[in-house]
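A, B, ... follow the sequence lines: proteins, then strands. Residue 1 opens every chain.
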Amino acid sequence: MPELPEVETVKRGLHKLIISKQIKSVTFDNQKSFPNSSSDIEEFLIGSKITNVRRRAKVLMIDLSSKYTLVIHLKMTGQLVFVNYSKPSVTANSVRFGGGHPTDSLVDNLPDKSTRVTITFKDDSHLFFNDQRKFGWIRLMPTLEVPNIDFMKRVGPEPLEVDFTPEEFIERFKRRPNTTIKSALLDQSVIAGVGNIYADESLWGASIHPKRLMNSLTRTELNKLYKEVRYVMNFSIEKGGSTNRNYVNAEGKKGSYMDFARVFRREGLNCPRCNSEIIKIKVASRGTHICPNCQKYPNI
DNA sequence: CACTTGACCTGTCCGC
DNA sequence: TGCGGACAGGTCAAGT
């Protein structure tokens, strides 16, 4: 899915687009896509207004005036796309000059077969929850109960918070002494928000082989990794996140971080630091991209 | 306990 | 162009 920078980008987009809108109706393909009772939906969703949009780790929260919150995890292929059908740019796509297809834009074709939930606002704009692989979930619950979700109780600190120190970073990683550094980076209970892309990118930045065991890493290496994790994720947010395959922001647009990626999905290309050929290996049963020259194992 | 491996799904790409 | 298998941004439950 979307990792921290992608979810943050969606959050910022939705914040601009849907705050104070009032929900008119909701439709979904089946009960599994929206597991709340119809009475809860009637009472706490329909008619309520959007008061805030928040993110914690890779989880999005849309707060409602009913004191309920829509909690959403996009997992691998989830999308939250806002469409304002009153805009001529969307409704006028049947008017064409010249040949070719009318449009490639995602928003012009929604809903599509990946659409699982459609929220319609009073002004007839829509928020679509699309999810090709159906791993994602959306759930309505009292705002005060959100912190009690198992995931929220377990999840580690936000790495981009200003008060998140390198000391805390190093301390957290001691929880996983005998696992590989890649596995520890992906563990959301250690720190929040790192996924496969930014794990590979930050390990390359710190010149650490992803198979290195946690307890073999020096403080200097972990300090470097701390800086790289924050650098890579902040940079990606600036670029609107990464579109590897499915990810789009709240307006249906792709992120451009992949244009700047150093190793991720760049196997066979050259390392931007030493010009060696980037290879793809498997670590923690995930596809993993490294420069075998910069990231030696063991490399102390 | 700490750690690893399937399972959840659909779609796409690659090799035969 | 058909078919099988591997693989894809994540997280749990169940296994060792």
Side-chain angles (χ1 to χ4, degrees), chain A residues 1-11 29-33 35 55-60 71-81 106 109 112-117 129-139 149-156 172-203 210-216 229 232-233 236-237 239-249 254-261 263-268 280-289:
Chain A
M1 109 166 142
E3 306 179 28
L4 187 154
E6 290 74 35
V7 181
E8 178 64 21
T9 302
V10 172
K11 184 209 84 178
D29 57 347
N30 64 59
Q31 198 61 37
K32 215 177 160 187
S33 288
R55 177 191 64 76
R56 174 76 172 99
K58 303 171 191 171
V59 176
L60 272 165
V71 186
I72 301 154
H73 202 309
L74 302 174
K75 290 285 180 83
M76 301 281 258
T77 55
Q79 305 172 332
L80 272 180
V81 182
L106 172 69
N109 297 313
D112 64 19
K113 64 196 239 185
S114 75
T115 301
R116 295 174 57 197
V117 179
F129 173 47
N130 306 323
D131 185 17
Q132 183 182 95
R133 289 176 75 179
K134 302 185 178 176
F135 292 166
W137 47 264
I138 179 165
R139 203 183 136 193
I149 300 174
D150 284 346
F151 177 87
M152 291 298 185
K153 287 195 280 194
R154 259 200 328 269
V155 71
R172 304 282 308 179
F173 276 91
K174 288 183 182 166
R175 298 157 63 103
R176 304 291 307 274
N178 292 309
T179 194
T180 60
I181 180 60
K182 170 132 184 186
S183 186
L185 269 175
L186 294 175
D187 184 342
Q188 300 298 294
S189 75
V190 177
I191 58 166
V194 180
N196 209 34
I197 297 174
Y198 305 106
D200 284 5
E201 290 288 289
S202 55
L203 285 167
K211 279 189 179 169
R212 291 277 302 286
L213 291 184
M214 264 312 304
N215 59 16
S216 80
V229 166
V232 155
M233 298 222 277
S236 183
I237 291 170
K239 300 299 172 194
S242 298
T243 296
N244 186 13
R245 310 178 142 222
N246 297 281
Y247 166 76
V248 292
N249 69 12
K254 296 176 176 183
S256 69
Y257 178 85
M258 290 299 283
D259 295 343
F260 305 90
V263 284
F264 193 82
R265 295 256 299 180
R266 285 176 47 80
E267 60 271 31
K280 186 173 179 183
I281 59 176
K282 193 153 255 190
V283 184
S285 26
R286 306 296 300 273
T288 299
H289 311 77

Roughly, in whole Å, what's the span from CE in A:M76 to P in B:dA7? 16 Å
Value in whole Å for how far the C1' atom of B:dT10 lies from CD of A:Q79: 13 Å
Between P of C:dA13 and CZ of A:F135, the distance in whole Å: 15 Å
For C:dC7, take OP1 and OP2 only and decide whether either is under 4.0 Å from a side-chain N or O of A:K280. no
What does A:N244 touch in the nucleic acid at a heavy-atom separation under 4.0 angstrom: a base, only the sugar-phosphate, or nothing? base
Strictly below 4.0 Å: does A:R176 bring a side-chain N or O up to OP1 or OP2 of B:dA2? no
OP1 or OP2 of B:dT4 sitting under 4.0 Å from any side-chain N/O of A:T179? yes
Would you say A:R286 places a side-chain N or O within less than 4.0 Å of OP1 or OP2 belonging to C:dA8? no
With heavy atoms under 4.0 Å as the rule, sort A:R154 into base, sugar-phosphate or nothing. sugar-phosphate
Atom CZ of A:R55 and atom P of C:dG10: how far apart are they, to the nearest Å? 14 Å
Establish, from distance only, whether the side-chain atoms of A:K182 and A:T288 form a donor-acceptor pair under 3.5 Å. yes
For A:Y198, answer base if it contacts any base atom (sugar-phosphate contacts may also be present), sugar-phosphate if it contacts only those atoms, and nothing otherwise; contact means non-hydrogen atoms under 4.0 Å. nothing
With rounding to the closest Å, how many angstrom separate the P atoms on C:dG5 and B:dA7? 15 Å
Whether the side chain of A:D131 engages the backbone of A:F135 through a donor-acceptor N/O pair (distance < 3.5 Å, no angle test) should be reported. yes
Using a 4.0 Å heavy-atom cut-off across all strands, classify A:S114 as base, sugar-phosphate, or nothing. nothing
Does NZ in A:K239 sit with more than 12 non-hydrogen atoms of other residues, nucleotides or ligands closer than 6.0 Å? yes
Provide, to the nearest angstrom, the distance between the OH atom belonging to A:Y247 and the P atom belonging to C:dG10. 14 Å
Determine the contact category for A:G287: base if any of its heavy atoms lies under 4.0 Å from a base atom, sugar-phosphate if only primed atoms, P, OP1 or OP2 are that close, otherwise nothing. sugar-phosphate
So, OP1 or OP2 of C:dC7: does either fall under 4.0 Å of a side-chain N or O from A:R245? no
In whole angstroms, how far is the P atom of B:dC8 from the CD atom of A:Q132? 18 Å
Whole angstroms only, please: what is the CG-P distance between A:L4 and C:dG10? 12 Å
Under-4.0 Å side-chain N/O to phosphate OP1/OP2 contact, A:K134 with B:dC8: no
Distance test, side-chain N/O of A:Q188 to OP1/OP2 of C:dT11, below 4.0 Å: yes
When the P atoms of B:dC1 and C:dT11 are considered, how many whole Å apart are they? 22 Å
Does B:dT4 have OP1 or OP2 sitting under 4.0 Å from an N or O in the side chain of A:S183? yes
